[in-house]
Structures are given as structure tokens and as C-alpha cells.
S.K.: 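First, the structure itself, so that you have it in front of you.
Note: hydrogens, waters and symmetry copies are ignored here, and every other heavy atom, side chains too, is used.
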Amino acid sequence: MSKRQSGWFQTVNPATGKVLRKFKAATKSDVKKTVEQARKAFEKWRELPPSRRAVYLERTAKTLRARKEKLGRLVTLEMGKTIRESVSEVLKCAWALEYYAENGEKFLGPETAKTDATDSYVAFEPLGVIASIMPWNFPLWQCVRFATPALMAGNTVVFKPSSVTPQSGLALQEALESTGLPPGCFNTVLGSAEVSNYLIEADTAGISFTGSVSAGRSVAELAGKHLRKLVLELGGSDPFVVLDDADVEAASSGAVAGRFINCGQSCIASKRFFVAKKIADEFLDHFVKKTRSLIVGDPLHSETDIGPLVREEALKVLDGQIRDSVKAGANVELGGERLNRRGFFYAPTILTNVNPGMRMMKEETFGPVAPVMVVKDDEEAVKYANMSEFGLGASVWGQDIRRAEKVARQIATGLVSVNNVVVSDPRMPFGGVKKSGFGRELSRYGLLEFANIKSVRLYEKSPIAHARVE
């Protein structure tokens with residue numbers, strides 16, 4: 001976590017509460033200079049063929065793989081996820097870099113079209129400097145999944161990491177620069193919301209933002225004022241639907257994996273559980289037993305399953321959501337309290353007897369808590385799954401895969417998985433509907449978000465000059 005101090009801020013290890021480092025926040029002038037530097041670099045970077053840009057992505061992937069343990073430890077110290085998850089995050093970043101290095105040139109190839117012209121095609125050209133404002137929960141992956149396609153498309157990037165994870169952001173920049181990436185192509189500015197505003201107001205071609213709905217509204221308002229192209233990813237309250245023919249063993253294991261990844265601090269974590277009445281007791285029994293076996297502890301220890309929440313404030317918000325839901329009638333099947341130890345640890349928690357009006361079901365919850373609601377049939381499951389202002393991801397479990405697919409297609413989200421948890425994947429577009437935001441990251445769709453999609457028509461003879469005039 002971080003703490004502001006009159007132009008400076010400090011980061012704190014959430015597992016111990018001890019200060020890690022202090023940083024100077026960028027000034028408005030600093031941000032302006034950085035954007036100007038990125039714009040100068042853009043003029044040369046855009047002229048490189050995609051195959052040349054891909055070389056730098058491949059080199060960066062190799063660098064991340066070589067530094068996976070060092071970078072993983074840094075992520076764990078700054079935001080508290082387990083070391084196993086942190087190292088996996090580094091490797092996922094390398095995968096995305098390799099994916100775009102391999103496919104970027106193909107994605108950017110012109111598309112031909114038949115018109116009245118001699119030749120017609122659609123060209124994909126870079127926009128310019130793209131600003132990126134990212135959160136703390138996946139400090140490397142959140143940036144890489146945006147920056148990699150942006151760079152591949154020929155744009156340059158100015159990245160503002162969360163003030164919780166500045167060292168991760170700087171480490172990523174250093175990894176890119178160590179490959180010989182031209183200066184100014186990837187730039188990092190540090191600070192909190194004020195610095196984000198400076199970046200939005202600077203002369204950039206587009207903005208990618210991931211964060212809360214309230215922050216997203218502010219970003220969208222300011223971006224609209226300056227007419228910036230914008231992609232927003234604003235979180236989710238993903239439903240996890242268990243149909244009456246589901247494999248309970250598999251579904252309960254999926255529930256543990258989907259809910260407690262990153263200590264529950266993931267936009268696409270499963271957050272609302274809807275289980276068919278026929279198998280509800282069996283599912284809950286499995287779910288509670290498997291959750292009880294999770295090891296909560298020092299996130300740097302390889303055997304740890306769940307680390308701390310990112311900060312004291314987050315812990316208090318989660319505890320308030322749980323307590324208010326219990327007051328409204330929810331039952332605590334497991335956990336339900338802060339752990340009596342140093343750091344920001346909360347017990348893995350499962351609630352039952354919940355209803356859509358409770359805070360646990362209405363708000364996005366960032367933490368290790370799973371509310372379970374019993375439903376009578378598929379129709380009711382879909383009804384309650386869609387009873388949310390969010391629409392990012394959803395997970396449906398059932399052995400009749402076509403039936404499960406039908407349910408999945410009725411849930412209003414940008415992502416859905418059948419018989420697996422929701423994951424981000426460079427091969428598939430990532431993004432949501434409703435208040436989960438708009439625009440897409442990853443895949444070819446994510447690459448084209450920050451490309452000028454230009455229609456080009458070539459006429460050997462002008463149809464105007466040679467037209468017959470009556």
C-alpha cells in the first residue's frame with residue numbers, strides 16, 4: 001500500500017505493515033515533459049515495420065522469464081499476493097509479449113475490400129502517445145496486456161502505475177529498456193490521482209484506465225473534455241453458477257480457485273455464487289472443506305495459499321460489507337473476521353442465506369469472501385446473475401455442456417467460461433459491459449483499440465473527371 005506525504009508517497013508491505021520505500025510524485029511539468037519525450041520517440045517508432053517492433057517484445061519476454069523470481073518477489077512485497085501467483089504473473093506477461101511478437105504483423109496487415117475503386121483496403125496505423133493508468137492488483141500484467149499491443153501497433157506509452165506498486169512499474173520499464181527499446185517508447189510516471197489527471201490533460205492520443213467505477217467516471221469526464229480515445233475496465237461482481245447436473249467435486253474446486261485467487265482481489269474473481277437447490281448442500285460441504293484447508297500466511301512462503309489484503313482500508317471495507325450482510329440475515333459458514341496477526345489478513349469466509357439486496361451481492365467485493373445463494377432452476381440463476389450493475393465475467397458449471405452454454409449466453413457479461421473459472425488470455429478479447437466499462441484489451445481487438453482504422457481507395461482514373469454530364 002502507499003501513503004501520501006506532501007509531494008511524496010511511501011509504499012508499505014501489507015504482510016508486515018512496514019514501510020518499503022518513499023517516492024517523489026511527478027509534477028505537472030514532469031508529466032508534460034515525459035509525454036513530449038514519448039511523442040518524439042513516436043515519430044521514429046511508428047516507422048519501424050511490425051517485424052522490427054516484434055524483436056523488442058521477444059527480447060522483453062526472455063528478460064522477464066530470466067528475472068521471474070526477482071520480479072515475483074517485488075510484486076509480493078508491494079501488494080501481498082503469494083509468491084507462486086506473483087511468479088505466474090511474470091510468466092503470463094512473457095506469454096503475452098511472445099503472442100503479439102508472433103501475431104502482431106498479421107493483425108496489422110491491410111484488409112482488402114471490393115468497391116468501385118481500382119483498389120480498396122483498410123489500413124491500421126498508430127495513433128500516437130497512449131496513456132495508461134493502472135491498478136495494483138496485477139501490477140505487471142495490467143500494464144503488459146495494454147502496453148504490448150499498443151507498442152506493437154506503433155504507439156508509444158506513458159504508464160502511471162498505482163502508487164501502491166511503483167517499484168513494479170519501474171522494474172517493468174527497466175526490463176523493456178534493457179532490450180534496447182528506443183528511449184521514450186515506454187515511460188513511467190509516479191504518483192496518485194493528481195498525477196493521473198495531469199496525464200489525462202496532457203496531449204496524448206488515447207487513455208487506457210483500469211480501476212473503480214467512481215474513478216472511471218472521473219477519468220471519462222476528463223477524457224471527454226479533452227476528446228481522448230478511451231478504454232475503461234472498471235471491475236466486476238462475477239456470478240458463479242452451479243447447475244443441478246454439475247460435477248460437484250470439479251465445481252467446488254473451481255469455486256475455491258475462482259474466488260480466492262489473489263486473496264479475492266481480482267476484477268474477474270468469482271464473487272457471487274448461485275447454486276441449484278438439488279445439489280446445494282453437497283456443493284457447500286465441499287466448498288467449505290476445501291476453503292478451510294487453505295493456508296493463510298506469509299506470501300513469500302511457497303506453501304501459502306492466501307496472503308494479506310493490500311491495505312488496512314481495504315480490510316475495513318471488506319469487514320464492513322460482511323458485517324452489514326450478517327446483520328441483514330446472512331449466515332457465516334466459515335471465517336468472517338480479521339485474523340489476529342501482523343499485517344492486513346482476513347480469514348477466508350463463506351456466507352449463506354444471502355439475498356440480492358445485501359452489500360455482499362450488490363457491491364464489488366475485493367477480498368477472500370464468497371456469498372452462496374440457493375436457486376431453484378436455470379431461469380432463476382440467470383435472473384440473479386444478471387441482477388448487478390457490473391458485467392465483466394461469469395462462470396457456469398454443468399455436465400450437459402450445451403445446456404450450460406445456453407445459460408452462459410444469457411448472462412450479460414463480456415467474458416464467460418463453462419466448467420472453468422474466468423481468466424484473461426492474450427488470444428481472446430478482455431472487457432465488460434454495463435458499469436464494468438467499455439472497449440477491449442488483448443487479442444486483435446485490443447490491438448486495434450489504439451489504431452487508426454483508415455479506409456484507403458485508389459482510383460486509376462477519377463470517376464468524377466470522367467463522368468458523363470447531362
Side-chain angles (χ1 to χ4, degrees), residues 81-82 84-89 91-92 95-96 137-138 141-142 145 210 233 235-243 245-276 279 283-284 286-291 293-294 305-307 348-350 360-361 364-373 381-382 384-386 388 390-401 403-405 407-432 436 441-443:
K81 71 173 59 180
T82 67
R84 283 185 284 116
E85 291 177 334
S86 294
V87 171
S88 292
E89 180 177 343
L91 295 176
K92 189 169 185 177
W95 175 31
N137 53 340
F138 292 90
W141 173 242
Q142 294 277 9
R145 77 184 194 194
T210 298
E233 197 268 276
S237 187
D238 290 12
F240 185 104
V241 176
V242 185
L243 305 180
D245 71 334
D247 179 332
V248 173
E249 176 65 26
S252 58
S253 293
V256 173
R259 174 63 274 197
F260 298 111
I261 182 175
N262 202 20
C263 193
Q265 300 171 117
S266 170
C267 298
I268 53 172
S270 304
K271 298 188 178 77
R272 296 174 298 137
F273 293 77
F274 303 101
V275 185
I279 60 170
F283 172 84
L284 185 62
H286 282 67
F287 192 18
V288 170
K289 287 180 179 177
K290 292 176 181 179
T291 301
S293 70
L294 295 174
D305 298 306
I306 295 182
T349 298
I350 295 177
M360 289 303 309
M361 302 292 277
E364 182 177 25
T365 52
F366 252 45
V369 55
V372 180
M373 181 175 174
V382 171
Y384 288 124
N386 283 329
S388 172
F390 296 102
L392 186 55
S395 182
V396 180
W397 297 75
Q399 295 190 71
D400 183 339
I401 193 168
R403 173 188 170 194
E405 180 187 19
V407 171
R409 292 295 301 271
Q410 294 178 73
I411 301 175
T413 60
L415 315 163
V416 65
S417 290
V418 172
N419 292 326
N420 201 354
V421 297
V422 177
V423 295
S424 55
D425 183 325
R427 299 166 297 187
M428 295 287 284
F430 182 96
S436 287
E441 296 175 298
L442 300 177
S443 77

S.K.: Distance-only, no hydrogens or angles: does the T365 side chain make a donor-acceptor pair with backbone N or O of G367 under 3.5 Å?
M.R.: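 Not at all, since once roles are kept as given, no pair shorter than 3.5 Å links the two residues.
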S.K.: Of the non-hydrogen atoms in A394 and V422, which two are nearest, and what is the gap between them?
M.R.: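 Reported closest heavy-atom pair: O-CG2, 3.1 Å.
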S.K.: Would V275 and L284 count as a side-chain contact (heavy atoms from CB on, under 4.5 Å) here? Give the steps.
M.R.: CA-CA 9 Å; V275 185; L284 185 62; over 6 Å; no
S.K.: Please answer whether the main-chain N or O of G393 pairs with a side-chain N or O of D238 as donor and acceptor at a distance below 3.5 Å.
M.R.: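 Yes, the answer is positive, given that a donor and an acceptor are paired below the 3.5 Å cut-off.
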S.K.: Counting only heavy atoms from other residues, nucleotides and ligands, does the tally under 6.0 Å from CD1 of I401 exceed 12?
M.R.: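 Count not over threshold, so no.
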S.K.: Distance-only, no hydrogens or angles: does the S252 side chain make a donor-acceptor pair with backbone N or O of F283 under 3.5 Å?
M.R.: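 A pair under 3.5 Å: no.
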S.K.: Would you confirm whether Q399, through its side chain, and D245, through its main-chain N or O, come within 3.5 Å as a donor-acceptor pair?
M.R.: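 Here the side-chain-to-backbone pair exists.
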S.K.: Kindly compute the distance separating OG (S253) from NE2 (H286), expressed to the nearest 0.5 Å.
M.R.: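 With rounding to 0.5 Å, OG (S253) is 8.5 Å from NE2 (H286).
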S.K.: Would you name the heavy atoms of W397 and A251 that are closest together and state the gap between them?
M.R.: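 Scanning both residues completely, I find the closest heavy atoms to be CE3-CA, 3.7 Å.
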S.K.: Could you check whether any side-chain heavy atom of V382 comes within less than 4.5 Å of a side-chain heavy atom of V407, counting everything from C-beta outward?
M.R.: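 Yes, their side chains come closer than 4.5 Å.
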S.K.: Could you tell me if the side chain of F366 sits less than 4.5 Å from the side chain of C263, heavy atoms only?
M.R.: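 No, side chains not in contact.
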S.K.: Does any part of the side chain of P239, heavy atoms only, come nearer than 4.5 Å to the side chain of F274, both counted from C-beta?
M.R.: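 A side-chain contact under 4.5 Å exists here.
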S.K.: Is there a donor-acceptor contact under 3.5 Å from the side chain of E233 to the main chain of G235?
M.R.: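 Flag set: sc E233 to bb G235 pair under 3.5 Å.
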S.K.: Can you tell if the side chain of F138 reaches within under 4.5 Å of the side chain of S424, non-hydrogen atoms only?
M.R.: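 No - every pair of side-chain heavy atoms lies 4.5 Å or more apart.
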S.K.: Answer yes or no: is there a donor N or O on one side and an acceptor on the other, between the side chain of R259 and the main chain of P368, under 3.5 Å?
M.R.: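 Side chain of R259 to backbone of P368, a donor-acceptor pair under 3.5 Å: no, none is there.
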S.K.: Please name all residues satisfying ring-ring contact (aromatic ring centres under 6.0 Å, His included) with F430, sequence neighbours left out, ordered by chain then number.
M.R.: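 Counting only residues at least two positions away or on another chain, F430 forms no ring-ring contact (aromatic ring centres under 6.0 Å, His included).
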S.K.: Taking S436 for the side chain and G391 for the main chain, is one N or O donor matched with an acceptor at less than 3.5 Å?
M.R.: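 Side chain of S436 to backbone of G391, a donor-acceptor pair under 3.5 Å: yes, one is there.
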S.K.: Mark yes or no for whether S293, through its side chain, and K290, through its backbone, hold a donor-acceptor pair below 3.5 Å.
M.R.: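 A pair under 3.5 Å: yes.
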S.K.: The criterion is side chain to side chain donor-acceptor pair (under 3.5 Å); which residues satisfy it with S388, sequence neighbours excluded?
M.R.: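 Per chain and number, S388 pairs via side chain to side chain donor-acceptor pair (under 3.5 Å) with no residue.
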S.K.: Which atom pair, heavy atoms only, marks the closest approach of A246 to I279?
M.R.: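 Scanning both residues, the minimum pair turns out to be CB-CD1, 4.2 Å.
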S.K.: Between the side chain of D247 and the main-chain N/O of G398, is any donor-acceptor distance below 3.5 Å?
M.R.: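 No: the side chain of D247 does not pair with the backbone of G398.
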S.K.: Ignoring hydrogens, what is the shortest heavy-atom contact between T82 and I306? Give both atom names and the distance.
M.R.: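 Looks like CG2-N, 4.0 Å.
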S.K.: At what distance, to the nearest 0.5 angstrom, does OG of S395 lie from CG of L415?
M.R.: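 It is 11.5 Å, given to the nearest 0.5 Å.
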S.K.: Take K92 and E85 through the salt bridge (charged side-chain N to carboxylate O under 4.0 Å, His left out) test and state the conclusion after the steps.
M.R.: CA-CA 10 Å; K92 189 169 185 177; E85 291 177 334; over 6 Å; no
S.K.: Taking the six-membered ring for Trp, are F240 and F273 parallel (under 30°), tilted (30 to 60°) or perpendicular (over 60°)?
M.R.: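 Rings of F240 and F273: tilted, as their planes differ by 30° to 60°.
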S.K.: Let's go through D305 and F260 carefully: what are the C-alpha distance in whole Å and the side-chain angles of both, what is the deciding distance for side-chain contact (heavy atoms from CB on, under 4.5 Å) to 0.1 Å, and is it a yes or a no?
M.R.: CA-CA 9 Å; D305 298 306; F260 298 111; over 6 Å; no
S.K.: Does any non-hydrogen side-chain atom of K271 lie less than 4.5 Å from one of E364?
M.R.: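 A side-chain contact under 4.5 Å exists here.
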S.K.: Looking at side-chain heavy atoms only, is the closest gap between Q142 and N137 below 4.5 Å?
M.R.: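 A side-chain contact exists here, since the closest heavy-atom pair is under 4.5 Å.
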S.K.: For residues A404 and V418, report the shortest heavy-atom separation together with the two atoms involved.
M.R.: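 A404 and V418 have their closest heavy atoms at CB-CG1, 3.7 Å.
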S.K.: Contact between N386 and I411 at the side-chain level, heavy atoms closer than 4.5 Å - yes or no?
M.R.: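 Result yes, sub-4.5 Å side-chain heavy-atom pair found.
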S.K.: Write down the atom of M361, the atom of R272, and the distance for their closest heavy-atom approach.
M.R.: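 The pair with the smallest heavy-atom distance is O-CD, 3.4 Å.
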S.K.: Would the distance check show the side chain of R145 and the main-chain N or O of P426 forming a donor-acceptor pair, the cut-off being under 3.5 Å?
M.R.: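 No: the side chain of R145 does not pair with the backbone of P426.
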